[in-house]
2 protein chains.
Amino acid sequence: MTSRSIRGAAKPRTQRGTKPRGNGLALGQLDRHLGYFLRRLQLWVFQDFIETLKPMKVRPAQYSVLLVVEANPGRSQQAVGDMLGIERARLARMLHELERRKWIGRHANGHDARSHSLRLTAEGDRALSKIKRLAGRHEVKLRKHLGAGRHKQLLDWLRGPP
Amino acid sequence: MTSRSIRGAAKPRTQRGTKPRGNGLALGQLDRHLGYFLRRLQLWVFQDFIETLKPMKVRPAQYSVLLVVEANPGRSQQAVGDMLGIERARLARMLHELERRKWIGRHANGHDARSHSLRLTAEGDRALSKIKRLAGRHEVKLRKHLGAGRHKQLLDWLRGPP
DNA sequence: TATTGTTATACTCTATAACTATA
DNA sequence: TATAGTTATAGAGTATAACAATA
């Protein structure tokens with residue numbers, strides 16, 4: 001069964017169907033806010049990601065940086081931060097940690113002495129292979145959690161153009 | 001934040017002819033992770049919520065507590081926290097703040113002297129009316145951001161089981 | 001013993017400001 | 001003046017542990 005089976009007509013939803021945990025409590029008008037459900041799902045994703053990636057001790061933001069540096073070698077911290085919506089102050093400290101683990105190297109940029117060229121190290125490349133396998137396992141769990149059809153549709157909708 | 005930074009750059013693009021700013025970077029395998037797009041949209045939602053609700057200085061978690069207490073008057077902190085997935089330690093401090101603002105009252109529970117019965121005060125009820133109007137404005141912006149069809153579909157899908 | 005609410009600590013993430021060294 | 005990177009601080013959110021009062 002790929003989709004929900006028992007959801008019937010649109011009824012006034014107090015707590016029907018949506019019963020996270022608090023035995024019998026109503027959501028109230030929270031039921032009308034997409035942001036609430038988005039947040040709950042997003043928390044599930046982060047918790048599962050962190051748990052699944054625990055063997056490599058990698059958090060979601062670090063993973064996103066590793067993938068973007070891999071896909072765009074030699075770019076500056078500013079560029080990577082802009083891409084991912086990470087403040088440059090925050091990224092500086094994150095990179096400090098990734099450099100300490102010898103996964104990422106900061107190199108001089110010939111054209112602008114202010115900026116750093118970011119690259120994965122050989123060790124970082126090997127680590128990222130393992131990390132990707134674990135992240136793939138997480139994605140499988142998420143697909144299972146949502147149902148394959150929903151997972152694909154959500155990915156298309158959130159990724160694609162309006 | 002622009003809509004482009006949320007859903008933009010879905011396809012790996014080379015940075016031909018672009019300035020060395022963030023806009024030409026490839027997502028790499030991030031493109032396959034629903035969690036990434038979920039996170040970006042969720043951040044947009046929180047930022048817009050906080051901005052829109054600024055006149056009342058209410059944050060998303062506080063809003064969710066106010067709505068659940070309104071919909072379930074007299075319930076305990078434990079019940080409300082379980083419902084929303086908020087740690088009881090965190091909720092205790094949040095309620096301290098909401099009590100300080102005279103929006104929520106903690107009353108004795110006749111059956112169990114350990115637990116508190118939570119209720120909106122009259123003042124909290126009036127404040128919540130204003131807050132709901134602002135939150136509605138936020139939801140309209142979100143609907144516009146996503147497109148009405150997508151907003152509705154996402155709400156149905158995320159709200160339902162699991 | 002277990003549960004409710006409380007305080008305290010630690011860590012992550014976000015948002016600033018201020019600083020340096022370059023441009 | 002402006003930009004790239006760094007350091008520092010403050011606040012929210014999360015995850016714990018320990019505690020008092022009560023069950």
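A, B, ... follow the sequence lines: proteins, then strands. Residue 1 opens every chain. As the structure is a computational prediction, the values presented were derived from the model and not from experiment.
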Query - Derivation and outcome, side-chain contact (heavy atoms from CB on, under 4.5 Å), residues Leu142(B) and Asp48(B) - result: CA-CA 8 Å; Leu142(B) 177 55; Asp48(B) 184 77; 6.0 Å; no
Report task. Rounded to 10°, tell me the angle between the two end axes of the helix from dT1(C)-dA23(D) to dA23(C)-dT1(D), each built from five pairs. Result -> 10°
Take the protein atom [atom1] of [X] and the nucleotide atom [atom2] of [N], then report the distance between them rounded to whole Å.
| X | N | atom1 | atom2 | answer |
| --- | --- | --- | --- | --- |
| His107(A) | dG5(D) | NE2 | C1' | 16 Å |
| Met94(B) | dG11(D) | CE | C1' | 15 Å |
| Glu97(A) | dT6(D) | CD | C1' | 17 Å |
| Asp82(A) | dT3(D) | CG | P | 12 Å |
| Gln62(B) | dA12(D) | CD | P | 8 Å |
| Leu43(B) | dT14(C) | CG | C1' | 9 Å |
| Arg59(B) | dC13(C) | CZ | P | 16 Å |
| Glu87(A) | dG5(D) | CD | P | 14 Å |

Requested in this report: Between dC13(C), dT22(D), dG13(D), spot the one nearest the side chain of Ala61(A), thanks.
Outcome: dC13(C)
Query - Residue that, paired with His116(B), satisfies side-chain hydrogen bond (donor to acceptor under 3.5 Å, both in side chains) out of Gln77(B), Arg106(B), Gln78(B), Arg75(B) - result: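 Going through the options one by one, the only one that passes is Gln77(B).
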Query raised in the report: Any side-chain donor paired with an acceptor under 3.5 Å for Tyr63(B) and Arg59(B)?
Result: no
Query raised in the report: When you check the side-chain N and O atoms of Glu51(B) and His138(B), is any donor under 3.5 Å from an acceptor?
Result: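 Their side chains do not contain a donor-acceptor pair, so the 3.5 Å distance test is not met.
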Query raised in the report: Under the 3.5 angstrom rule, does the side chain of Asn72(B) hit a backbone N or O of Val68(B) as a donor-acceptor pair?
Result: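 Indeed, once roles are kept as given, a pair shorter than 3.5 Å links the two residues.
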**Report entry** Arg88(B) side chain to Gly81(B) backbone, donor-acceptor under 3.5 Å
**Finding:** no
Report task. Check DNA chain C against residues 44-58 of chain A and give the residues with a non-hydrogen atom under 4.0 Å, in numerical order. Result -> none
Requested in this report: Would you give a per-nucleotide map of nucleotides 2-8 of chain C, 5' to 3', where B means the base has a protein non-hydrogen atom under 4.0 Å away, S means only the sugar-phosphate does, and - means neither?
Outcome: BBBBBBB
Query raised in the report: Would the number of heavy atoms belonging to other residues, nucleotides or ligands and lying under 6.0 Å from CZ of Arg101(A) be above 12?
Result: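 Count over threshold, so yes.
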Query - Side chain to side chain, Ile131(B) and Leu66(B), heavy atoms closer than 4.5 Å - result: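 Of all side-chain heavy-atom pairs linking Leu66(B) with Ile131(B), at least one is under 4.5 Å.
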**Report entry** Side-chain heavy-atom pair Thr52(B), Lys141(B) within 4.5 angstrom cut-off
**Finding:** yes
